[in-house]
Amino acid sequence: MHDVWILAETGHNGLKDISFELLARGRALADTLGVKLAAVVIGGGLESSEAWRLIAHGSDIVYVVQDSRLEHVTCIPYSRVIEHLIRKHSPQILLAGATTTGRTILPYVAVKVHSGLTADCTDLAIEADTGNLLQTRPAIGGNIMATIKTPDHRPQMATVRPRSCRPLKADPSRSGQVVSELFETAWDDDRFSVEDIRVPEGDRVSIEEADIVVSGGRGLKKKENVVLLDRLAHLLSGETGASREAVDRGWKSYPHQVGLSGKTISPKLYIGVGISGAVQHLAGIKTAECIVAINSDEEANLVAMADFALIGDLFEILPEIQRQIEERRRSS
Amino acid sequence: MHIVVPIKQVPETSDVHMDALTGTMIRSGNTAIINPLDLYAIESALKLKDRIGATVSVLTMGPTSAVKVLKEAMAMGCDAAVHLSDRKFAGADTWSTSYVLSLAIRNLSPVDLIMTGERATDGDTGQVTPEVASWLDLPLVSFLSSISTVQDGILEGERLIEEGYQKIRCLLPAVVSVVKEVGEPRLPTLRGKKRAMTYDIPVWTADELKAEESFLGLKGSPTRVVRIGTPSVIRDATVVQASGEYSLKSAVSQLLDFLDEKGLLTEGGTHA
């Protein structure tokens with residue numbers, strides 16, 4: 001049978017969250033089609049217990065390709081591994097995260113295996129009469145949702161927006177099969193190499209992966225006030241984001257920019273402070289689960305798009321939020 | 001050194017607003033511009049031209065009107081332009097588009113570097129660049145945020161990835177996509193504009209590219225758009241006034257109750 005596959009991602013702390021989100025997506029599709037779900041995990045030496053975590057989270061088969069030359073994600077060797085596995089096992093669907101990894105490697109593979117690829121999907125389903133994968137994604141700046149399919153080519157490939165679904169609960173009683181595949185020397189390619197990683201000090205950049213993002217805009221008035229956002233973000237164990245205007249004014253660095261011109265995010269909670277909500281900003285947060293707007297202007301676009309809005313002076317509201325959260329935590 | 005910058009013509013979005021009820025874009029006018037993110041690729045190419053000397057060619061696939069964006073790129077300082085235009089290209093998805101671009105790039109050889117924007121602001125896929133690299137069997141440096149050196153056929157720089165800035169090294173020829181951090185795009189110059197006006201942009205068709213017909217346009221595209229919908233953006237907010245001491249306290253308290261109910265106030269994150 002032609003199975004459903006997902007490409008797992010690993011970092012220095014083992015498997016990344018996106019791997020489990022993809023398994024939840026893949027599980028639903030595989031069950032609808034009555035086929036198996038397999039995870040492909042490529043890397044430089046993953047703990048074998050990690051393969052079993054993939055099984056506990058929904059995978060039936062785990063294809064493991066581990067080699068010291070695969071320690072860093074490199075486009076050509078990774079693509080060659082995936083191309084080889086596709087030709088050997090003929091999956092009907094291959095999903096990867098719409099991350100820098102998935103967005104780099106899957107298009108490279110799509111050309112090699114001559115199949116279609118849909119970017120940044122937020123919804124996946126199986127078409128009843130054909131069994132084709134229906135891939136839904138925001139387009140034209142998030143203003144329309146387009147549903148796309150790949151009728152005549154296999155595998156049907158898609159990258160899936162991180163945080164657009166929840167992982168399944170781990171079930172340690174699930175059984176599965178771990179298949180090791182060798183990395184062939186001919187697949188290595190020394191034209192591109194990773195030398196090092198630099199993490200900007202005190203300036204974490206992963207707003208896409210954050211559950212909670214607290215963003216500020218022009219309403220903050222000046223750079224010194226950004227600390228109010230940082231404090232609230234910290235209190236909620238979230239990240240600080242910023243509107244394009246706030247970034248253009250140098251209040252926050254570009255990796256914090258939220259919106260089509262920066263990062264498209266779908267956190268569980270988005271708090272927009274002093275942000276009126278330009279179209280490109282709204283499109284970048286549309287899939288957030290819960291949106292809170294804090295603004296002095298009740299007519300602001302972001303207020304209309306929010307689930308909850310506080311209208312008033314942010315310089316009064318933010319400290320009050322902080323005070324009340326601390327109070328609640330002390331008393332609980 | 002020869003740098004090719006494939007660019008895309010996209011609808012202007014700054015004069016666009018959203019219909020509050022349907023969430024669709026309302027375009028006042030019908031202006032087409034260079035994909036704003038492509039300006040950063042042009043800027044990076046021109047910076048290299050300034051630093052180490054290079055010839056910069058721009059390339060676009062699109063209808064006759066797309067000549068305008070090529071002229072704009074030339075006005076910024078690009079040296080040459082090629083327009084890929086043919087009815088047969090119409091309706092191409094990223095797979096088919098990247099095929100045509102790769103043929104044109106082969107025609108422009110020798111090419112040392114292909115530089116692109118991260119993605120186009122309309123299609124928003126970011127797939128064409130890696131696909132071009134794949135057609136050409138070239139190494140790909142995606143999400144490049146800075147270039148430290150280009151010498152002896154080696155590019156060194158940093159990529160912006162989820163974990164931070166990744167220092168990389170890549171042999172040329174290579175395909176590179178840049179993010180906004182590479183530097184603010186320059187403005188067109190009068191001299192550039194004059195040159196663009198008199199420059200006769202060649203048009204290459206499918207025949208001239210000796211393209212495989214079955215790979216072109218809608219027919220040659222593996223993907224199909226089957227449905228277009230408009231997401232609703234209105235969430236029906238609970239709007240609470242928070243000014244004055246009493247109303248401030250009560251409004252914030254209501255917000256926290258609301259968040260608490262959704263499990264969003266847990267200390268140490270929301271991981272349940």
Side-chain angles (χ1 to χ4, degrees), chain A residues 75-76 99-100 103-104 107-108 110-112 115-119 139-141 143-151 153 191-200 205-206 209 211 237 254 260 268-269 279 286 290-291 298 303-313 316-317 320-321 324 329, chain B residues 13 16-18 20 23-25 95 121-122 124-127 130-131 133-135 139-140 142-143 161-171 180-181 222-231 233-235 237-243 248 251-253 255-256 258 262 264 267-270:
Chain A
C75 181
I76 293 176
T99 56
T100 58
R103 284 171 172 259
T104 299
Y108 211 92
V111 165
K112 299 295 183 202
S115 192
L117 170 64
T118 304
I140 326 255
N143 288 290
I144 61 165
M145 299 299 282
T147 300
I148 292 163
K149 64 180 178 183
T150 301
H153 297 75
R191 286 177 289 176
F192 172 90
S193 57
V194 173
E195 310 284 303
D196 203 0
I197 184 108
R198 176 173 69 86
V199 181
V205 289
S206 241
E209 288 176 29
D211 280 327
S237 306
Y254 174 62
L260 290 179
K268 290 178 184 160
L269 171 61
V279 170
K286 228 173 217 178
C290 178
I291 296 174
E298 196 170 343
V303 171
M305 199 181 157
D307 299 286
F308 200 102
L310 290 185
I311 308 303
D313 180 355
E316 286 175 14
I317 294 172
E320 180 62 21
I321 292 176
Q324 288 197 23
R329 288 197 180 148
Chain B
T13 49
V16 161
H17 53 277
M18 196 190 281
T24 48
M25 292 220 286
W95 192 94
T121 54
D122 57 347
D124 217 7
T125 74
Q127 289 179 178
E131 288 176 336
S134 190
W135 282 109
L140 165 70
S142 49
F143 309 105
I161 61 170
E162 288 84 354
E163 287 84 358
Y165 295 88
Q166 186 185 55
K167 285 193 204 303
I168 59 94
R169 185 172 195 277
C170 188
L171 256 60
K180 275 176 105 178
E181 278 183 42
T223 61
R224 287 277 178 285
V225 176
V226 290
R227 201 166 50 235
I228 296 281
T230 48
V233 293
I234 299 300
R235 295 196 180 198
T238 309
V239 180
V240 182
Q241 300 296 329
S243 43
L248 174 67
V252 168
S253 171
L255 169 66
L256 296 188
F258 172 82
K262 292 184 177 286
L264 292 166
E267 204 162 352
T270 59

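Since the model is a prediction, treat every value here as computed from it, not as a measurement. Order of the sequence lines fixes the chain letters, A, B, ..., with proteins taken first and strands second; residue numbering starts at 1 for each chain.
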Ignoring hydrogens and geometry, is there a side-chain-to-backbone donor-acceptor pair from [X] to [Y] under 3.5 Å?
X: B:Q127; Y: A:L117; result: yes
X: B:E163; Y: A:V199; result: no
X: A:K112; Y: B:S134; result: yes

Is it the side chain or the backbone of [X] that comes within 4.5 Å of chain B heavy atoms, both, or neither?
X: A:T99; value: both
X: A:I321; value: both
X: A:C75; value: side chain
X: A:E320; value: both

Nearest 0.5 Å please: distance from the [atom1] atom of [X] over to the [atom2] atom of [Y].
X: B:R224; Y: A:I148; atom1: CZ; atom2: CD1; answer: 11.5 Å
X: B:T223; Y: A:K149; atom1: OG1; atom2: NZ; answer: 12.0 Å
X: A:I317; Y: B:S243; atom1: CD1; atom2: OG; answer: 8.0 Å
X: B:I228; Y: A:T147; atom1: CD1; atom2: OG1; answer: 8.0 Å
X: B:K262; Y: A:L269; atom1: NZ; atom2: CG; answer: 9.5 Å
X: B:Q166; Y: A:R198; atom1: CD; atom2: CZ; answer: 12.0 Å

Of all heavy-atom pairs between [X] and [Y], which one has the smallest distance, and what is that distance?
X: A:A110; Y: B:E131; result: CB-OE2, 4.1 Å
X: A:P107; Y: B:P130; result: CB-CB, 3.5 Å
X: B:R235; Y: A:K286; result: NH2-O, 2.8 Å
X: A:R191; Y: B:P139; result: NH1-CD, 3.4 Å

>> Under the criterion side chain to side chain contact (heavy atoms under 4.5 Å, CB included), I'd like the reasoning laid out for B:I161 against A:I197: C-alpha separation, chi angles, the key distance, then a yes or no.
In response: CA-CA 10 Å; B:I161 61 170; A:I197 184 108; 4.0 Å; yes
> If you count heavy-atom pairs under 4.5 Å between each of B:L256, B:T125, B:L140 and chain A, which one has the most?
Replying inline: B:L256
>> Between B:K180 and chain A, with a heavy-atom cut-off of 4.5 Å, which part of the residue counts as in contact: side chain, backbone, both or neither?
In response: both
> Tell me, side chain or backbone of B:W95 under 4.5 Å from chain A's heavy atoms, or both, or neither?
Replying inline: side chain
> Using a cut-off of under 4.5 Å for heavy-atom pairs, which of A:G312, A:S193, A:G116 has the most such pairs with chain B?
Replying inline: A:S193
> Between A:T150, A:T118, A:D313, A:D307, which residue shows the highest count of heavy-atom pairs closer than 4.5 Å to chain B?
Replying inline: A:D307
> Who pairs with A:F192 by ring-ring contact (aromatic ring centres under 6.0 Å, His included), at least two apart in sequence or on another chain?
Replying inline: none
